[in-house]
Amino acid sequence: QVQLVESGGGLVQAGGSLRLSCAASGRTFSRYGTGWFRQAPGKEREFVAAISWSGGSTNYGDSVKGRFTISRDNAKNTVYLSMNSLTPEDTAVYYCAAANTRYSGRYWNEYDYWGQGTQVTVSS
């Protein structure tokens, strides 16, 4: 069992940056592929980024490619999402998710564990 807790969300102006953190419980976190998703009001959950168990493989959604970076520190049981050049379209609740596989992808149903989410609001 893995428990995930996101932090780092908040209000930022367009063009600004934020870094989200996802802290995981459990000694075997390093075995899990991990991803970030987001959901804006009235919209479907959207894939943002994923990272393999070792950090050696990453994958990004088209809307964030080149602006967001996912990384992980297995010694700290933490996954990060660095977000740059934020726009109002990035406003959403951001969720961290972990899968019972070492590599995970862009579909929400690949993931077995979810955090409670953290709000990111980008003002124009």
What heavy-atom pair brings A92 and A40 nearest, and what distance separates the two atoms? CB-N, 3.8 Å
Do the side chain of S63 and the main chain of G61 share a donor and acceptor less than 3.5 angstrom apart? no
For E6 and Q116, indicate whether the former's side chain and the latter's backbone hold a donor-acceptor pair under 3.5 Å. yes
If you take all heavy atoms of S123 and P88, which pair is closest and at what distance? C-CG, 4.4 Å
Side-chain heavy atoms under 4.5 angstrom apart, residues restricted to Ile, Leu, Val, Met, Phe, Trp, Tyr: same cluster for Y95 and V64? no
Heavy-atom closest contact (I70 atom, W36 atom, distance): CD1-CD1, 3.6 Å
Within the structure provided, determine whether L81 and V79 are in side-chain contact (heavy-atom separation under 4.5 Å). no
Please answer: with hydrophobic residues joined when any side-chain heavy atoms are less than 4.5 Å apart, are L4 and W114 in the same cluster? no
Correct closest heavy-atom pair for T78 and F29 would be N-CE2, 4.0 Å
Shortest non-hydrogen separation from Y32 to A99 and the atoms involved: CD2-O, 2.8 Å
Look at the side chain of Y111 and the backbone N and O of G105, then say whether any donor-acceptor pair between them is shorter than 3.5 Å. yes
Measure the CD1-OG distance between I51 and S71 for me, rounded to the nearest 0.5 Å. 6.0 Å
Using modelled atom types and a 3.5 Å cut-off, is there a donor and acceptor pairing between side-chain atoms of S25 and backbone atoms of Q3? yes
Quick one: pull up OH in Y80 and SG in C96 and give me the separation to the nearest 0.5 Å. 11.5 Å
For D62, check side chain to side chain donor-acceptor pair (under 3.5 Å) against everything at least two apart and list the hits. K65
Rounded at 0.5 Å granularity, tell me how far OG1 in T87 sits from CD in Q13. 13.5 Å
Residues in side chain to side chain donor-acceptor pair (under 3.5 Å) with D112, at least two apart? N100
Under the 3.5 angstrom rule, does the side chain of S82 hit a backbone N or O of R19 as a donor-acceptor pair? no
Between R102 and W53, is there a donor-acceptor pair closer than 3.5 Å when you use the side chain of the first and the backbone of the second? no
For the CZ atom of R31 and the CG atom of N74, what is their distance to the nearest 0.5 Å? 11.5 Å
Just so I know, are the side chains of M83 and V120 near enough to count as touching, which here means a heavy-atom distance under 4.5 Å? yes
From CA spacing to verdict: side-chain hydrogen bond (donor to acceptor under 3.5 Å, both in side chains), S17, N84: CA-CA 4 Å; S17 300; N84 297 315; 2.8 Å; yes
Within the side chain of R106, is there an N or O that forms a donor-acceptor pair under 3.5 Å with the backbone of V48? no
Go through it in stages, so that I can follow the logic: the residues are V93 and T118, the test is side-chain contact (heavy atoms from CB on, under 4.5 Å), and I'd like the CA-CA distance, side-chain angles, deciding distance and then a yes or no. CA-CA 5 Å; V93 177; T118 186; over 6 Å; no
I want to check a possible cation-pi pair here: R45 against F37, using under 6.0 Å from ring centre and within 45° of the ring axis as the test. no
For Q39, what residues pass the side chain to side chain donor-acceptor pair (under 3.5 Å) criterion, not counting sequence neighbours? none
Could you tell me if the side chain of D90 sits less than 4.5 Å from the side chain of R67, heavy atoms only? yes
For the pair R38 and Y94, evaluate side-chain hydrogen bond (donor to acceptor under 3.5 Å, both in side chains) and give the outcome as yes or no after the intermediate values. CA-CA 4 Å; R38 66 187 183 185; Y94 283 71; 2.9 Å; yes
Provide the closest heavy-atom pair for Y60 versus A49 in the form atom of the first, atom of the second, distance. CD2-CB, 3.6 Å
Can you check whether T121's main-chain N or O pairs, donor with acceptor, with T91's side chain at less than 3.5 Å? no
Hey, what do you get for CZ (R72) to SG (C22), rounding to the nearest 0.5 Å? 9.0 Å
